[in-house]
Peer 1: 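Just passing along the structure, written as structure tokens.
Just so you know, residue 1 is the first one in the sequence shown, and it goes up from there. Quick caveat, the model's predicted, so the values are computed rather than measured. Indexing begins at 1, ligand by ligand and atom by atom, following the structure's order.
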Amino acid sequence: MSLPSIVVLISGSGSNLQALVDNQGSDYKISHVISNKKAAYGLERAAKASIPTSIHNIVPYKKRHPDDVSAARADFDKELAQKIKELKPDLVVCAGWMHILSSECLRPLREAGIPLINLHPALPGAFDGAHAIDRAYDAFQKGEITKTGCMIHWVIEEVDRGEPLLIKEIEMKKEESLDDLEARIHSVEHVAIVEGTKMALAHRA
Ligand SMILES: Nc1nc2c(c(=O)[nH]1)N[C@@H](CN(C=O)c1ccc(C(=O)N[C@@H](CCC(=O)O)C(=O)O)cc1)CN2
Ligand SMILES: NCC(=O)N[C@@H]1O[C@H](COP(=O)([O-])[O-])[C@@H](O)[C@H]1O
């Protein structure tokens, strides 16, 4: 019986992709990596692991719709969904994927029975969206919070509001630099992304 296959979406360094690569083989295999940025170092990580990659970048869609960004995004999302459907994965993992997916992408995947999960470097409902670590650090400096964390959640249209599968809390430390906090969060993420992926696949079984 073949292992469940996952497609991983990235936009940058791919350290979380690397964690998935390093732990594949017993519970899942990575069938494809898609990046929305051609310069993403994660593409090199995938190539080194002999994992097929493709780039799905917004620029050609903006050229197709020079005066209508929402049309460009809708086309981008529709064709991303088509690409993913053709790969027939059991699960899509957003691992540092920095593009908000609209219903143009999520609806066809939902209809095809292909779920998505996302790694977000914050606690549920705390710092939705981009730059969550910086925002948590600032809030800690202001005395507004004492802890942060990361989570793996199902992806729905409402950004970072899908049901959490896995939550890892991280206590914040006085005098700690942003870089050091970020490093601690990333190390927790690298465990969470593998654990959360296995949980999501077990949920489907
Ligand atoms: N519909 C959903 N799409 C995405 C989700 C989600 O839960 N629902 N998770 C995100 C990942 N993410 C946070 O975890 C996130 C990524 C990017 C952004 C964002 O503001 N993106 C901007 C572009 C930013 C850039 O290019 O630097 C945008 O899409 O216009 C917010 C949250 C993945 N998608
Ligand atoms: N809102 C989504 C978001 O901020 N995702 C974050 O992007 C980074 C990707 O790192 P990586 O490219 O090294 O895996 C990770 O910290 C992940 O939590």
Peer 1: Return the residue, atom name and 0.1 Å-rounded distance of the protein heavy atom closest to atom 23 (C) of ligand 1.
Peer 2: Met98 O, 3.6 Å

Peer 1: Looking at Glu79 and Arg64, does any basic side-chain N land under 4.0 Å from a carboxylate oxygen?
Peer 2: yes

Peer 1: Can Gly129 be said to touch ligand 1, with heavy atoms closer than 4.0 Å?
Peer 2: yes

Peer 1: Hey, looking at atom 11 (C) of ligand 1, which of Leu101, Asn118, Asn36 has the closest heavy atom?
Peer 2: Asn118

Peer 1: Show the atoms of ligand 1 that are less than 4.0 angstrom away from any heavy atom in Ala130.
Peer 2: 31 (C), 32 (C)

Peer 1: Does a salt bridge link Arg73 with Glu104, judged by any charged N lying under 4.0 Å from a carboxylate O?
Peer 2: no

Peer 1: Run the side-chain donor-acceptor check on residues 146-153: report pairs under 3.5 Å with partners two or more places apart or on a different chain.
Peer 2:
{"residue": "Lys147", "atom": "NZ", "partner": "Glu169", "partner atom": "OE1", "Å": "3.2"}
{"residue": "Lys147", "atom": "NZ", "partner": "Glu169", "partner atom": "OE2", "Å": "3.2"}
{"residue": "His153", "atom": "NE2", "partner": "Asn118", "partner atom": "ND2", "Å": "2.9"}
{"residue": "His153", "atom": "NE2", "partner": "Asp160", "partner atom": "OD1", "Å": "3.3"}

Peer 1: Scan side-chain atoms only and decide if His32 and Ser54 contain a donor-acceptor pair under the 3.5 Å cut-off.
Peer 2: yes

Peer 1: Above 12 or not: heavy atoms from other molecules or residues under 6.0 Å from NZ of Lys62?
Peer 2: no

Peer 1: Looking at ligand 1, is there an atom of it that comes within less than 4.0 Å of some heavy atom belonging to Arg73?
Peer 2: yes

Peer 1: Side chains of Ile34 and Ile10, heavy atoms from C-beta outward: is any pair under 4.5 Å?
Peer 2: no

Peer 1: Tell me which protein heavy atom sits closest to atom 34 (N) of ligand 1, plus the residue, atom name and distance to 0.1 Å.
Peer 2: His99 O, 2.8 Å

Peer 1: Considering only heavy atoms, which protein residues lie less than 4.0 Å from any atom of ligand 2?
Peer 2: Gly12, Ser13, Gly14, Ser15, Asn16, Gly96, Met98, Leu119, His120, Pro121, Gly129, His186, Glu189

Peer 1: Run down the list Ile100, Asp128, Ile156, Leu9 and name the one with the heavy atom closest to atom 19 (C) of ligand 1.
Peer 2: Ile100

Peer 1: Run the numbers for me: atoms of ligand 1, each under 4.0 Å from some heavy atom of His120, listed by number.
Peer 2: 13 (C), 14 (O)

Peer 1: Are Pro89 and Ile6 packed together at the side-chain level, in the sense that at least one heavy-atom pair is separated by less than 4.5 angstrom?
Peer 2: no

Peer 1: Find all atoms of ligand 1 within a distance of less than 4.0 Å from any non-hydrogen atom belonging to Val159, and give their numbers and elements.
Peer 2: 6 (C), 7 (O), 8 (N), 32 (C)

Peer 1: Does the pair Glu157/Arg107 count as a salt bridge with the N-to-O cut at 4.0 Å?
Peer 2: no

Peer 1: Within a distance of under 4.0 Å, is there any protein heavy atom near atom 30 (O) of ligand 1?
Peer 2: yes

Peer 1: His190 vs Ser15, test: side-chain hydrogen bond (donor to acceptor under 3.5 Å, both in side chains). Steps then yes/no.
Peer 2: CA-CA 7 Å; His190 297 160; Ser15 68; 2.8 Å; yes

Peer 1: Tell me the contacting part of His153 for ligand 1: side chain, backbone, both, or neither, using a 4.0 Å heavy-atom threshold, strictly below.
Peer 2: side chain

Peer 1: Heavy atom of Leu106 under 4.0 Å from ligand 1?
Peer 2: yes

Peer 1: Have Ser11 and His99 got a donor and an acceptor in their side chains that come within less than 3.5 Å?
Peer 2: no

Peer 1: Between Val93 and Val7, is there a side-chain heavy-atom distance shorter than 4.5 Å?
Peer 2: no

Peer 1: Find all atoms of ligand 1 within a distance of less than 4.0 Å from any non-hydrogen atom belonging to Trp97, and give their numbers and elements.
Peer 2: 11 (C), 16 (C), 33 (C)

Peer 1: Show the atoms of ligand 1 that are less than 4.0 angstrom away from any heavy atom in Asp160.
Peer 2: 6 (C), 7 (O), 9 (N), 12 (N), 13 (C), 14 (O)

Peer 1: Please tell me whether Arg45 and Ser13 have a donor and an acceptor in their side chains that are separated by less than 3.5 angstrom.
Peer 2: yes

Peer 1: With a 4.5 Å cut-off on side-chain heavy atoms, are Phe140 and Leu181 touching?
Peer 2: no

Peer 1: May I ask you to list the atoms of ligand 1 that are less than 4.0 angstrom from any heavy atom of Val155?
Peer 2: 2 (C), 6 (C), 8 (N)

Peer 1: Which class fits the ring pair Phe76 and Tyr61: parallel under 30°, tilted 30 to 60°, perpendicular over 60°?
Peer 2: perpendicular

Peer 1: Below 4.0 Å from any atom of ligand 1, is there a heavy atom belonging to Cys94?
Peer 2: no

